[in-house]
Amino acid sequence: MEFEAVIGLEVHAQLTTKSKLFCSCSTKFGSASNTQVCPICTGQPGVLPVINKKAVEYALKLALALGSKINLYSVMARKHYFYPDLPKNYQISQYDIPIAVGGEVEIEIDGKRKKIGLTRIHLEEDAGKLIHDERQPYSYVDFNRAGIPLLEIVSKPEIHSPQEAVAYLKTLRSIVRYLGICDGNMEEGSLRCDANVSVRPKGSKEFGTKVELKNMNSFKHVERALAYEIKRQIGLILEGKEVIQETRLYDEATQTTHPMRGKEEAHDYCYFPDPDLIEIQLDEALLERIKGDLPELPLQRKERFERAYGLSSYEASILTEERTLADFFEETVKIYPNPKAVSNFILTEVLRYLNRDHIDISQSKLKPAYLAELLELVEKETISITLAKQQVFPEAYERGVSPKQIVEERNLAQESSEETLKRICEEVLRENPGEVQRYRDGKKGLLGYFVGQVMKKTQGKANPKVVNRLLTELLEQ
Ligand code: ADP
Ligand code: MG
Ligand code: ZN
């Protein structure tokens, strides 16, 4: 029997607003525990929350970018449950009327496009964070995160493999970063994902019992957790057992999942409209303004890069994954209009250094003008590509100075003058009469040896093309 996996993802994206969703506390990451709190986000009685306009605008940005239908009128609701990191014992979220419904995320795997539909996008507040110390008989709670705005993006169960799930997540991450509404950092928890997964016999239209997976904080974890879970569920069915609806945690150490709790029914939360908050009312003018300000999205940009610059799908997809890198590429091409050369250098050298330093191009000291200048120096044969890669680029990258300046300071310019090089070539041949004889007797491989000698005398600065030609001419006389 063949099986098909059915996956639906619930993604939480932490919005990069300066203040929290209902109070003016800072959302800065990494501050000392409980230093970014106030009576509102710690749930003191009698306080009145007021919604953050920026957070609403960010929600609209994403919803409009994904083609969702905006509800001009939506409602904040209380979702009741008890947990020590939830100071009010309810979370302010959206329930029956979310800010947006529908829409889709278009993914690409091996050149094939696929649209994953969305159920809804809603706004809610984050909870605090429990910190467990194994050596203590108690845990700590940090409320700095309580009240930070989140967008929950719920996909339809239209994903059918762990690879598709990862592509969906990566695309969504890229989009929220393009829009500048979430930093997409999975390790710091600014982009989190719960994965719902079930299996069914291939061809069947009915859904199997789903399991919800939590605790995955990288793309790799999502992929491994889903792969394990799909196998586990198929195994159960083949043994004639039942899949139980539950929430399971992924454990990276064993790369398996284990039960956390049975799934609460939605009505357990006893949702009702928050009486302290007015409805969110939007007007068309705001939507039009936000729509007008939307940037070109990653997939469209990738398509344009292939078309306009003649890049391969692979090159274009890497260059457009981050908006800052795509901008850097285009800025460089404006100055040095050889897209292929710019792309090659970015994909190999630039990315190697950025990955090494775990930074974004915008955080580096490299400027488009520097890369353009460097490639021009290579094209004009002032320096060789090897020297450019090994010495000039690393220095331009580290120090943030112009390659021309480095070449001058270090006296790296290639020697291309025929006259000078001819004199040095003749000198080398004169000093190696034995080798010259052997060359003329047929040992043509010795040419490399002579070139090496010329390089030695010029500290590697001789233009190898010219040297090769000159030596051959002299030796064949
Ligand atoms: P719940 O109320 O349990 O949270 P929802 O209907 O809100 O369930 O769906 C939550 C997520 O689970 C959505 O992303 C949805 O696509 C996905 N989902 C729903 N049913 C299934 C299923 N049978 N198998 C896999 N995913 C599912
Ligand atoms: Mg759910
Ligand atoms: Zn606060």
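Note that ligands are numbered from 1 as they come in the structure, with each ligand's atoms numbered from 1 the same way. FYI, the numbering just counts along the sequence from 1.
Ion pairing between a basic and an acidic side chain is recognised when a charged N comes within 4.0 Å of a carboxylate O; Lys210 and Glu212 show no such pairing.
At a heavy-atom cutoff of 4.0 Å, ligand 1 is contacted by the side chain of Val154 but not by its backbone. With a 4.0 Å heavy-atom cut-off, ligand 1 is reached by the backbone of Leu9 but not by any atom from C-beta on. Residue-level proximity to ligand 1 for Lys156 is carried by the backbone, the only part with a heavy atom below 4.0 angstrom.
For the Zn ion (ligand 3), protein N, O or S atoms closer than 2.8 Å were enumerated as Cys23 SG, Cys25 SG, Cys38 SG, Cys41 SG, with waters left out.
Contact atoms of ligand 1 toward Val6: 24 (N), 25 (C) (distance under 4.0 Å to a heavy atom of the residue). Taking a cut-off of under 4.0 Å to the non-hydrogen atoms of Ser155, the atoms of ligand 1 that pass are 13 (C), 14 (O), 15 (C), 16 (O). Those atoms of ligand 1 with a heavy atom of Gly8 less than 4.0 angstrom away are 14 (O), 16 (O), 17 (C), 26 (N).
Below 3.5 Å of separation, one finds an N or O of Pro157 facing an N or O of ligand 1. Any N or O atom pair closer than 3.5 Å counts here, and Gly208 shares at least one such pair with ligand 1.
Between Tyr90 and Tyr269, the distance from one ring center to the other does not fall under 6.0 angstrom.
The heavy-atom pair separating Leu9 from Cys193 by the smallest distance is CD2-SG, 4.0 Å. Considering all non-hydrogen atoms of both residues, Pro84 and Val141 come closest at O-CG2, 3.9 Å.
Crowding of Lys340 atom NZ: a count of heavy atoms from other residues, nucleotides or ligands under 6.0 Å exceeding 12.
Ranked by closest heavy atom to atom 3 (O) of ligand 1, the top entry among Lys210, Glu10, Gln245 is Lys210.
Once rounded to the nearest 0.5 Å, the distance linking CG of Asn89 with CZ of Arg78 reads 11.0 Å.
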Steps toward side-chain hydrogen bond (donor to acceptor under 3.5 Å, both in side chains) verdict (Ser93, Glu124): CA-CA 4 Å; Ser93 179; Glu124 62 185 28; 2.9 Å; yes
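Taking Phe143 as the reference, nothing meets the ring pair (Phe, Tyr, Trp, His ring centres under 6.0 Å) condition, with sequence neighbours excluded.
Ring geometry, Phe393 versus Tyr397: the interplanar angle falls from 30° to 60°, so the pair is classed tilted.
Defined by atom type and a distance below 3.5 Å, a donor-acceptor pair is present between the side-chain atoms of Gln44 and Thr42.
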